[in-house]
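Shown next, in structure tokens, is the structure this report addresses.
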Protein chains: 2
Amino acid sequence: MTTPLEKARQDPESMKARILDVARRIFGEYGFHGTTTRMIAQEVGIDISTLHYHWGGKKDLYESVVVDINKDLRQKLSEVEKVIHGLPLSERLAISIDLTTDYLFDHPEVSNLILYRYFGKTRCEGNFDAIVPEFTADIARSMGLARDKKNVPPETTMKVLAVMNSIHNFISGESFFRPMLKVDRERYIALVKETLKFIHIPAFTQNEAT
Amino acid sequence: MTTPLEKARQDPESMKARILDVARRIFGEYGFHGTTTRMIAQEVGIDISTLHYHWGGKKDLYESVVVDINKDLRQKLSEVEKVIHGLPLSERLAISIDLTTDYLFDHPEVSNLILYRYFGKTRCEGNFDAIVPEFTADIARSMGLARDKKNVPPETTMKVLAVMNSIHNFISGESFFRPMLKVDRERYIALVKETLKFIHIPAFTQNEAT
DNA sequence: TTAGACTTCCATCAAATGATTGAATCACCG
DNA sequence: CGGTGATTCAATCATTTGATGGAAGTCTAA
């Protein structure tokens with residue numbers, strides 16, 4: 001059985017997929033309450049009723065967007081893990097930061113939506129957040145902080161969260177921070193990578209026997 | 001001349017001040033679009049028209065909230081700076097993290113609103129963000145990363161932003177992260193401080209001659 | 001060609017929401 | 001007292017917004 005989301009992804013040109021792509025971006029920029037179905041429909045160039053026909057309602061669409069975002073990020077992280085496998089920790093960190101940062105700058109709605117879900121409330125319920133802990137467990141193992149994915153101690157989860165969040169912050173905050181720094185986009189990306197390495201590599205390599 | 005905000009702060013029991021306090025919390029939790037004037041009025045226990053009488057409109061109130069938040073944080077940071085003045089860098093960092101974290105856990109709406117402004121868009125304009133750069137310049141000086149408040153290089157601003165944001169993340173994300181970690185509030189606060197020190201102290205002391 | 005499904009849009013609804021008006025109430029001062 | 005200004009609220013308005021129904025269009029298979 002294929003979920004509606006999988007079905008939408010099979011043909012990227014399908015109306016369903018087009019709506020999903022636009023919805024990712026708009027929801028990411030304005031959050032759940034800041035986004036109207038009319039904004040999304042207009043951006044796609046369709047009527048709102050077409051949107052409702054394909055996705056049911058605003059909340060359903062939003063939930064699909066969140067699931068889609070998480071699926072993408074998870075896949076990207078697993079790609080990154082294959083690249084860094086076997087390298088020394090400091091290199092693993094540096095390469096992970098480079099690759100993840102590049103990916104997220106290309107898909108800022110991923111960071112936007114994740115931060116929105118972390119820090120904002122939605123006045124409606126919705127419970128599909130069990131995906132996040134798995135993320136952190138994967139990353140923890142890949143950083144050599146945990147042997148298996150079960151029983152990762154809170155201290156370790158916190159460290160992983162700190163790393164992930166610091167990346168999302170700079171991606172998502174570009175529109176705020178870059179004017180403040182008065183640098184162009186290319187320079188900003190370089191600064192982000194540099195800063196993330198400056199902050200994180202010493203922390204995780206301080207007790208390492210080279 | 002006193003601004004409306006200052007006037008409201010003179011008598012903390014005044015209706016104006018009570019509305020402002022509630023508005024801080026609600027705007028912090030749900031963001032600008034997720035908050036309705038009715039939510040705020042109901043929480044205060046008044047009619048919406050009373051709210052409009054004192055603050056004009058939703059946007060005016062929101063802007064006052066943001067200014068108020070920034071004023072509070074700035075004052076707190078200047079208090080912290082006095083405490084840590086003259087100490088060695090690693091201690092300055094540790095104490096700053098402890099004090100700032102304690103303060104923000106007591107006033108989470110500060111972190112909430114700051115993150116909302118960094119990462120979200122508002123569909124309405126609004127331009128009173130010149131306060132942030134000054135913040136970072138103050139912190140940069142206090143961390144020994146800059147001599148004066150003028151001409152702080154982007155690299156330094158980025159480092160300061162990384163530190164500040166990582167704190168805000170854990171404060172604001174408590175409702176998301178703590179259930180995930182399955183720890184009580186006290187333990188969470190301890191974990192936050194521990195993690196922040198683990199991440200940041202090595203980065204900033206790595207090249208220090210003790 | 002046609003029957004039937006799938007898709008899209010126009011018109012419209014009901015609820016939510018920001019905002020205003022005018023009347024009532026309160027506080028203070030002569 | 002009485003009056004004057006400040007404050008509060010009930011009632012109401014106009015717009016926005018999520019959602020729906022039904023007509024029209026499109027495509028495929030028989």
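Within every chain, numbering begins at 1; the chains are lettered A, B, ... in the order of the sequence lines, protein sequences first and strands thereafter.
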In chain order, what residues pass the side-chain hydrogen bond (donor to acceptor under 3.5 Å, both in side chains) check against [X], with sequence neighbours excluded?
X: B/Arg147; answer: none
X: B/Thr195; answer: none
X: A/Ser166; answer: A/His200
X: A/Asn112; answer: A/Ser172

Going by the rule ring-ring contact (aromatic ring centres under 6.0 Å, His included), which residues pair with A/Tyr53 if we only count those two or more places apart in sequence or in a different chain?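 Per chain and number, A/Tyr53 pairs via ring-ring contact (aromatic ring centres under 6.0 Å, His included) with no residue.
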
With B/His107, which residues qualify under ring-ring contact (aromatic ring centres under 6.0 Å, His included), at least two apart?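 With neighbours one apart ignored, the set is B/Tyr103.
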
Nearest whole angstrom, please: distance from the [atom2] of [N] to the [atom1] of [X].
X: A/Tyr53; N: C/dT8; atom1: OH; atom2: P; result: 8 Å
X: A/Ile19; N: C/dT7; atom1: CD1; atom2: P; result: 11 Å
X: B/Met15; N: C/dC26; atom1: CE; atom2: P; result: 14 Å

For residues 91-99 of chain B, which side-chain N or O atoms pair as donor and acceptor with protein atoms under 3.5 Å away, sequence neighbours left out?
{"from": "B/Arg92", "atom 1": "NE", "to": "B/Ser142", "atom 2": "O", "distance (Å)": "3.1"}
{"from": "B/Arg92", "atom 1": "NH1", "to": "B/Leu87", "atom 2": "O", "distance (Å)": "2.6"}
{"from": "B/Ser96", "atom 1": "OG", "to": "B/Arg92", "atom 2": "O", "distance (Å)": "2.6"}
{"from": "B/Asp98", "atom 1": "OD1", "to": "B/Lys197", "atom 2": "NZ", "distance (Å)": "2.9"}
{"from": "B/Asp98", "atom 1": "OD2", "to": "B/Lys197", "atom 2": "NZ", "distance (Å)": "3.2"}

Please report the end-to-end axis angle for the helix from C/dT1-D/dA30 to C/dG30-D/dC1, five pairs per end, rounded to 10 degrees.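 Taking five pairs per end, the axes differ by 0°.
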
Applying ring-ring contact (aromatic ring centres under 6.0 Å, His included) between A/Tyr62 and each of A/Trp55, A/Tyr30, A/Phe32, report the one that passes.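 Of the listed residues A/Trp55, A/Tyr30, A/Phe32, the ring-ring contact (aromatic ring centres under 6.0 Å, His included) partner of A/Tyr62 is A/Phe32.
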
Return a single string for nucleotides 16-22 of chain C, one symbol per nucleotide in 5' to 3' order, where B is base contact, S is sugar-phosphate-only contact and - is none, cutoff 4.0 angstrom on heavy atoms. -BBBBB-

Heavy-atom contact window of chain A on DNA chain D, given 5' to 3' at under 4.0 Å: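 Contact boundaries, 5' end first: D/dT17 to D/dG21.
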
Side-chain atoms of residues 176-193 of chain A: list all donor-acceptor pairs with protein atoms under 3.5 Å, sequence neighbours left out, distances to 0.1 Å.
{"from": "A/Arg178", "atom 1": "NE", "to": "A/Glu174", "atom 2": "OE2", "distance (Å)": "2.8"}
{"from": "A/Arg178", "atom 1": "NH1", "to": "A/Val183", "atom 2": "O", "distance (Å)": "3.3"}
{"from": "A/Asp184", "atom 1": "OD1", "to": "A/Glu186", "atom 2": "N", "distance (Å)": "3.4"}
{"from": "A/Asp184", "atom 1": "OD1", "to": "A/Arg187", "atom 2": "N", "distance (Å)": "2.8"}
{"from": "A/Arg185", "atom 1": "NH1", "to": "A/Glu174", "atom 2": "OE1", "distance (Å)": "3.0"}
{"from": "A/Arg185", "atom 1": "NH1", "to": "A/Glu174", "atom 2": "OE2", "distance (Å)": "3.2"}
{"from": "A/Arg185", "atom 1": "NH2", "to": "A/Phe105", "atom 2": "O", "distance (Å)": "3.1"}
{"from": "A/Arg187", "atom 1": "NH2", "to": "B/Glu155", "atom 2": "OE2", "distance (Å)": "2.7"}
{"from": "A/Tyr188", "atom 1": "OH", "to": "A/Phe170", "atom 2": "O", "distance (Å)": "2.6"}
{"from": "A/Lys193", "atom 1": "NZ", "to": "A/Asp102", "atom 2": "OD1", "distance (Å)": "3.0"}
{"from": "A/Lys193", "atom 1": "NZ", "to": "A/Asp102", "atom 2": "OD2", "distance (Å)": "3.3"}

With sequence neighbours excluded, give me every salt bridge (charged side-chain N to carboxylate O under 4.0 Å, His left out) pair touching residues 37-54 of chain A.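 Counting only pairs at least two positions apart or across chains, the salt bridge (charged side-chain N to carboxylate O under 4.0 Å, His left out) contacts touching residues 37-54 of chain A are A/Arg25-A/Glu43.
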
